[in-house]
Amino acid sequence: MIKQTLLGLAVATAPMLAAAHSKSEATTPADGATVTDVPELSMRFDDPMRIISVTLTSPDGDVKIERETGMDPAMEFRAMPLEELAPGSYRFDWRGMASDGHPMQGSFTFTVAE
């Protein structure tokens with residue numbers, strides 16, 4: 001009887017635990033987009049996220065960016081490339097801490113066209 005009760009509680013609370021994690025709702029540039037100019041890199045979350053680290057990478061290596069958003073939890077993160085991005089493929093990787101305390105990470109890619 002106790003095992004059945006515990007199993008029932010686990011099944012009932014699983015969707016709530018899964019829903020507790022923040023997720024990225026949108027990025028700029030959009031994931032997989034081809035753009036001609038990248039004045040800003042941004043991510044919007046459905047719940048406040050503390051972004052701990054970010055990296056922008058091209059085939060030639062890491063690209064310097066400047067964080068506009070601090071280390072406090074926020075619904076939106078923004079950063080700017082320090083130089084105009086050359087044509088090519090880019091990957092933006094991030095790590096953060098969700099409001100429920102879970103470590104999170106993700107990435108998005110985009111291409112800068114000539």
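Counting begins at 1 with the first residue of the sequence. These numbers come from the heavy atoms of this one structure, side chains and all, not from hydrogens, waters or symmetry mates.
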- Out of T34, D31, L41, T27, which residue meets the side-chain contact (heavy atoms from CB on, under 4.5 Å) rule with F110?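 Answer after filtering T34, D31, L41, T27: L41.
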
- Message: My understanding is that only one of V38, T111, D37 makes a side-chain contact (heavy atoms from CB on, under 4.5 Å) with P29; could you say which?
- Response: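 The residue from V38, T111, D37 that satisfies side-chain contact (heavy atoms from CB on, under 4.5 Å) with P29 turns out to be V38.
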
Gap separating the [atom1] atom of [X] from the [atom2] atom of [Y], nearest 0.5 angstrom:
X	Y	atom1	atom2	answer
L85	T36	CG	OG1	11.5 Å
L82	E66	CG	CD	5.5 Å
F92	S42	CZ	OG	9.0 Å
I65	E40	CD1	CD	11.5 Å
M97	M104	CE	CE	10.5 Å

Hey, can you pull the donor-acceptor pairs under 3.5 Å for the side chains in residues 49-58, sequence neighbours left out?
| unit_1 | atom_1 | unit_2 | atom_2 | d |
| --- | --- | --- | --- | --- |
| R50 | NH1 | M71 | O | 3.3 |
| T57 | OG1 | D62 | OD1 | 3.3 |
| S58 | OG | D60 | N | 3.1 |
| S58 | OG | G61 | O | 3.2 |

- Message: If you count every heavy atom of other residues, nucleotides or ligands that lies below 6.0 Å from R78 atom CZ, does the total exceed 12?
- Response: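 More than 12 within 6.0 Å, yes.
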
- Message: Counting only heavy atoms from other residues, nucleotides and ligands, does the tally under 6.0 Å from CE of M75 exceed 12?
- Response: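 Yes, enclosed.
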
- Task: Apply ring pair (Phe, Tyr, Trp, His ring centres under 6.0 Å) to F77 and list each qualifying residue two or more places apart in sequence or on a separate chain.
- Result: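 Ring pair (Phe, Tyr, Trp, His ring centres under 6.0 Å) list for F77, sorted by chain: empty.
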
- Item | Atom of P73, atom of P48 and distance for their closest heavy-atom approach |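 Heavy atoms of P73 and P48 come nearest at CB-CB, 3.9 Å.
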
- Item | Partner set under salt bridge (Lys or Arg N to Asp or Glu O under 4.0 Å) for E76, not counting sequence neighbours |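 With neighbours one apart ignored, the set is empty.
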
